[in-house]
Amino acid sequence: WLYEDVPRLLSALPHLPDNVKFLIPRDMGSWKLESLYALGIKEDQLHPIDGHCEAHCERLWFATELGSSREFITSPGVAQKLRMQLLKHAESDLKGDDCEGLPVVERIFISRGNSSNERLANEDDLIEVAKTLGFEVISPLDYSLLEQINIFKNAKIIVGVFGAALTNIMFAKPNATLVDLQDGSYFACPRVWFWKMAYAFGMRYKTIVGEPDDIKNWGEINFCIDPQFFYESLREICKSMASAKPEAVDFYRPVADLEG
């Protein structure tokens, strides 16, 4: 949504008439609505419709792709512009009292514990390891979009399992590092979606690969990462932060897996 759909809308807005209406699903999530408001779209411009229904329009405006949704490619320039607009919107809408109690941290471990699809089977073990290296555990579903922006804008290292929550990297500091945790299944690894996003925002990208534990289908693969291997890999990544220039991709995988 924030990396493909909203940038398309942002690039189309200057070409739309002032009285244009926007068709949206009636059950659109509050965080998606907030992203539309951040673009300057007013509530009275939104026209909710039920799913699987016909909508007859006098004239339909449709924003074409800026790259390829299949290949997870969009215009870096438009994505950067959206990033700045969302940061500005959050800064103007979140007052001092709204930010009170929100974590202000540079090292974030994204937890999927409250997600219906956890994926990382031994997340609790890795959380304890990450805490020893100074990481704060964040569950994005516990926060509004503006709160997430406010939390992630201070991040220098973000660790998390591949998934939509990693989109928050777009709010992190320039030259921040994303550590993508993923399984080593032969038909899915490496997933390069967030590598492409990280480099679109000038970030470093590193991935730590674990052992598949339960493969249901391509999108539902539970896996584990050895805690000691995770500690050694993450500690090395933290040390590498001394370099100010984005580096080549580092692919952390147990030697036994490579030999196999």
Side-chain angles (χ1 to χ4, degrees), residues 103-143 148 151-152 154-169 172-173 176-195 197-198 203-243 246-260:
V104 181
V105 290
E106 294 184 344
R107 297 182 176 184
I108 294 176
F109 184 103
I110 297 177
S111 171
R112 292 179 58 90
N114 53 5
S115 171
S116 59
N117 183 4
E118 293 185 16
R119 291 182 181 163
L120 184 58
N122 66 333
E123 180 183 87
D124 291 343
D125 295 334
L126 302 193
I127 283 176
E128 294 306 313
V129 171
K131 286 180 178 178
T132 67
L133 294 171
F135 282 81
E136 178 86 11
V137 180
I138 301 294
S139 298
L141 290 177
D142 293 339
Y143 302 96
Q148 291 179 52
I151 293 171
F152 282 86
N154 299 300
K156 291 184 177 179
I157 308 178
I158 299 172
V159 180
V161 178
F162 69 94
L166 291 189
T167 306
N168 280 294
I169 66 174
K173 289 182 175 296
T177 297
L178 168 64
V179 184
D180 187 0
L181 308 181
Q182 56 180 300
D183 62 88
S185 57
Y186 68 91
F187 57 89
C189 181
R191 296 174 176 83
V192 297
W193 307 322
F194 291 100
W195 166 68
M197 178 183 285
M203 298 178 65
R204 300 176 177 90
Y205 174 90
K206 300 178 186 293
T207 182
I208 300 177
V209 179
E211 184 69 25
D213 181 54
D214 180 24
I215 301 178
K216 298 177 181 178
N217 56 57
W218 184 85
E220 294 184 75
I221 302 175
N222 294 335
F223 66 102
C224 295
I225 297 177
D226 177 73
Q228 182 60 33
F229 174 70
F230 177 71
Y231 171 75
E232 294 170 357
S233 301
L234 189 56
R235 182 180 60 178
E236 181 180 328
I237 291 170
C238 291
K239 288 182 177 180
S240 74
M241 285 297 295
S243 174
E247 306 163 2
V249 175
D250 282 340
F251 194 79
Y252 291 83
R253 190 169 192 169
V255 174
D257 287 352
L258 294 176
E259 292 176 348

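Here the closest non-hydrogen pair linking Arg119 and Gly163 is NH1-CA, 3.6 Å. In plain terms, the two heavy atoms of Cys224 and Leu120 that are nearest each other are CA-CD1, 4.5 Å. A pairwise comparison of heavy atoms in Cys238 and Ile157 identifies SG-CD1, 3.8 Å as the closest pair. When all heavy atoms of Ser139 and Tyr143 are compared, the pair lying nearest together is O-CD1, 3.5 Å. Between Met197 and Leu166, the shortest heavy-atom contact is SD-O, 4.4 Å. Heavy-atom minimum distance, Pro140 versus Ala165: CG-CB, 3.9 Å.
For the atom pair Leu178 CG and Lys206 NZ, the distance stands at 11.0 Å (nearest 0.5 Å). A distance of 5.5 Å separates CD1 of Ile138 from CD1 of Ile108, quoted to the nearest 0.5 Å. Remark: Ile110 CD1 to Ile158 CD1 distance equals 6.0 Å, nearest 0.5 Å. Gln228 CD to Ser233 OG: the interatomic distance, rounded to the nearest 0.5 Å, is 9.5 Å. Considering OG1 of Thr177 and CZ of Arg107, their distance stands at 10.0 Å, rounded to 0.5 Å. In this structure, the separation between CD1 on Ile208 and CG on Asp226 is 11.0 Å, given to the nearest 0.5 Å.
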side-chain contact (heavy atoms from CB on, under 4.5 Å) evaluation trace for Ile237 with Asp250: CA-CA 9 Å; Ile237 291 170; Asp250 282 340; over 6 Å; no

Intermediate values then yes/no, side-chain contact (heavy atoms from CB on, under 4.5 Å), Leu133 and Phe230: CA-CA 11 Å; Leu133 294 171; Phe230 177 71; over 6 Å; no

Val179 vs Tyr252, side-chain contact (heavy atoms from CB on, under 4.5 Å): CA-CA, chis, key distance, verdict: CA-CA 10 Å; Val179 184; Tyr252 291 83; over 6 Å; no

CA sep, side-chain torsions, deciding dist, call: Met203, Phe194, side-chain contact (heavy atoms from CB on, under 4.5 Å): CA-CA 10 Å; Met203 298 178 65; Phe194 291 100; over 6 Å; no

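Checking each of Asp125, Val129, Leu234, Leu181 against Ile225 for a side chain to side chain contact (heavy atoms under 4.5 Å, CB included) leaves exactly one that passes, namely Leu181. Between Phe135 and the choices Val105, Leu126, Val159, the side chain to side chain contact (heavy atoms under 4.5 Å, CB included) rule is met once, by Val159.
Using a 4.5 Å heavy-atom cutoff, the side chains of Trp195 and Asp180 are not in contact.
Among residue pairs with one or both ends in residues 159-169, those qualifying as side chain to side chain donor-acceptor pair (under 3.5 Å) are Gln148-Asn168; sequence neighbours excluded.
Relative ring orientation between Phe162 and Phe223 is described as parallel, the plane-to-plane angle staying below 30° on a 0-90° scale split at 30° and 60°.
Salt-bridge annotation for Lys131 and Glu128: present, with a side-chain N of the basic residue lying under 4.0 Å from a carboxylate O of the acidic one.
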